[in-house]
Amino acid sequence: MNQILPKMPASFIGQFKSYLNCGQLNQARNLFDKIPNPNIYSSTLLISAYTKQNRPLDSIQLYQNLRKEKKLQPDNLLLLSITKACALLSDPIKAKEIHKDVIGFGFKSDLPLGNALIEMYGKCGLISEAQQLFDELPVKDVITWTSLILSYKNCKQFREGLGVFREMLISGPKLNSVTLLSVLAISSKLKSLKFGREIHCFVIRNGFEDNMFIGSGLVDIYSKCLITHDARIVFDGMRSKDVVSWNVILSAYSLNGDLDEALRLFDKMKVDGVLLNSASWNSMISGCVQNGRIERALQFFAQMQDSGTKPNHITIASILPACTGMESIRGGREIHGYVYRNAFIKDIIIDTGLVLMYAKCGDLNTSRLVFDQMPRKDIIAWNTMIVANSMHGCGKETLTLFDKMIESGIRPDAVTFSGVLSGCSHSQLVDKARQSFSSMEREYGLNPDADHYASMVDVLSRAGYLNEAYEFIQNMPVEPTPSAWGALLNGCKVYKNTELGKIAGEVLLDIEPQNPGNYLSLLNIFVGAKMYDDASRIRMLMNDRGIRKEPGCSWVQIKNKVYTFVKGDDRFAMRNEVYGFLKETRRKMRVEGYMPDTDIVLQDVDGEEKEEVLCSHSEKLAVAFAILNLDRGEVIRVFKNLRICGDCHGVISFMAKSIGVCITVRDSVRFHHFKDGSCSCKNLW
DNA sequence: CTAGGGTTAG
């Protein structure tokens, strides 16, 4: 039906084909563009070459240009290429256009094309369209069924995918290895060991054992179910392995927390001459990050680039949490710049990672900027932004974000409410918190869990409603967690309620005896109330149980270097200047009538010594050091491993005002933004 | 066709 249009010169065709054979598509394209009337044959060749080389955009653009100029009367082969290109692109709008084209050209009953269209819809996330196409196909083969199963997998409807498989066993064609693998992959996503074992038996009984893909799939499902031992047995028994098989076993050990074995296997890969791909590096990077070996992850990231493997969007998403965990805003900014420069496709997971990274590094403004520019926001993106605002004490904004999220049609989940409630608690929005808490069940059908109840205790305690908080704990339908009692205890410390503090503290020493913070809070309450007998009882208990206070430690990044200060630190750069500066600050404060908050000091020492101990707190040292070293106008960002102490809070607040700088301190609970003599936490640290 | 990625405490 497609008459050959004005013939191309034979020399052109020869040259054109040889370019295509060598994969030199740009040269082939130059030649192609010179032909006034390209025929269907050469167009199909070029378009399918684009698709095969993973250049779907070029493929589709060329197709659409030719369609517009009406130079093209497509045939099955061409439409197949375009359909596959669109599957690669995962563009649902283009998918529908192409489907319409196919129908328009009357190729409805072509089976390979029908199968490709199902796959395309699946890859584009349009599962009901895929199912409808499946239903309409008059003839179905094993690929049709498998494509539908894979579509369900792609759309994360795993149970439904298994349903299709069951139907296929009853009324469909005989399955092949691809079908088996697709079901295996789904079971793996569901972490279903039961299905995994069943499929494993089926594989052995029906002679699929030597299929490398199936082997890797089996290793993966045992890995995901944390049966690392069985994963290794299958892996070792595989007759042939490719890089994916190795990548799967690497992640098996990382997942199981055995990073050292993963590292050993990674070295063995290199010895055995397995050609590493980006997923191999990504697997090691994320394995290190998830096992807390952040420095090692960054090393792998550097080695990967040295080895000539280009980081992809998954690499970026894996390395970002490393910067977040180190609070390295410089590292994070570098990654952000890398994403920008290399024009990565817009990726929702990378964007979410950036939002969290900026927030956790103390820069909520940039975090928000990235969020606002996201083209699509899913539940995790919204939750991340809500949690970010809550960490920074912007409770009102968490509520506004919550409303906007609802407006945009996204249903909140348990994490959303955790974020909103902790936002309310940091900003003392008691009524808002109550409304939000009760709407969880009433409006959104979510059962509050123990964490939500603990959050409500925190809301009440932080606002000073201590008796109500205690009542709430006693009446809640779930077992109060240590965090619920911890919230109450902290409230008692802030509001100096010795009686309730004693109750909460004693419970905590019982149910969470290994946490030094509990002892210290209770100790502070007793010392503050001059109940020295009780205080020494707690101290003895700590001794008996071998509970040691974690040393306070703060750090600050200046230029490219991180400076760390430990409490009582005496051997750091500019020691004399720093202590001199702190002493001078203290003198100025006294002139203006501030008294040092010596309640917090635990040692039984007299007044002057107490002040000295206070002066040596790591957060004061870090802030003072930063003030002496930073350029004017720069924001000071200090991080501390424990909670900021009350005296430090007052002194840092004073320094921010008297020097006229913004100081941010991130402690173990939240961010404190000091400006003009006040703090974003409203003095409820 | 199989691998590698993001949110929740006090």
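We use all heavy atoms of the structure for the numbers below, so side chains are in, but hydrogens, waters and symmetry mates are not. Residue numbers begin at 1 in each chain, while the letters A, B, ... track the order of the sequences.
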Original post:
For A/Asp451, which contact category applies under a 4.0 Å heavy-atom criterion: base, sugar-phosphate, or nothing?
Top reply: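 No contact.
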Counting side-chain heavy atoms from C-beta on, which of [options] comes nearest to [X]?
| X | options | result |
| --- | --- | --- |
| A/Asn247 | B/dG6, B/dA3, B/dG5 | B/dA3 |
| A/Val415 | B/dG6, B/dT7, B/dT2 | B/dT7 |
| A/Asp458 | B/dG10, B/dT7, B/dG4 | B/dG10 |
| A/Ile349 | B/dG4, B/dG5, B/dA9 | B/dG5 |
| A/Gln290 | B/dG10, B/dG6, B/dA3 | B/dG6 |
| A/Arg462 | B/dT7, B/dG6, B/dG10 | B/dG10 |
| A/Leu508 | B/dG5, B/dG10, B/dT8 | B/dG10 |
| A/His426 | B/dA3, B/dC1, B/dG10 | B/dG10 |
| A/Ile380 | B/dG10, B/dT7, B/dA3 | B/dT7 |
| A/Ile350 | B/dG5, B/dT2, B/dG10 | B/dG5 |

For the pair made of [atom1] in [X] and [atom2] in [N], what is the distance, rounded to whole Å?
| X | N | atom1 | atom2 | result |
| --- | --- | --- | --- | --- |
| A/Arg670 | B/dT8 | CZ | C1' | 17 Å |
| A/Met357 | B/dT7 | CE | C1' | 16 Å |
| A/Leu250 | B/dT2 | CG | P | 18 Å |
| A/Asn524 | B/dG10 | CG | C1' | 15 Å |
| A/Met269 | B/dG4 | CE | P | 13 Å |
| A/Ile214 | B/dA3 | CD1 | C1' | 15 Å |
| A/Lys84 | B/dC1 | NZ | C1' | 13 Å |

May I ask you to verify whether the side chain of [X] and the base of [N] hold a donor-acceptor pair under 3.5 Å?
| X | N | answer |
| --- | --- | --- |
| A/Glu512 | B/dG10 | yes |
| A/Ser283 | B/dG4 | no |
| A/Ser286 | B/dG5 | no |
| A/Thr384 | B/dT7 | no |
| A/Asp351 | B/dG6 | no |

**OP:** Determine whether the side chains of A/Ser418 and A/Asp451 contain a donor N or O and an acceptor N or O closer than 3.5 Å.
**Re:**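 Judged by distance alone, the side chains do not pair up.
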Subject >> Donor-acceptor pair between A/Ser278 and A/Thr309 side chains, under 3.5 angstrom >> reply: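 No - no donor-acceptor pair under 3.5 Å links their side chains.
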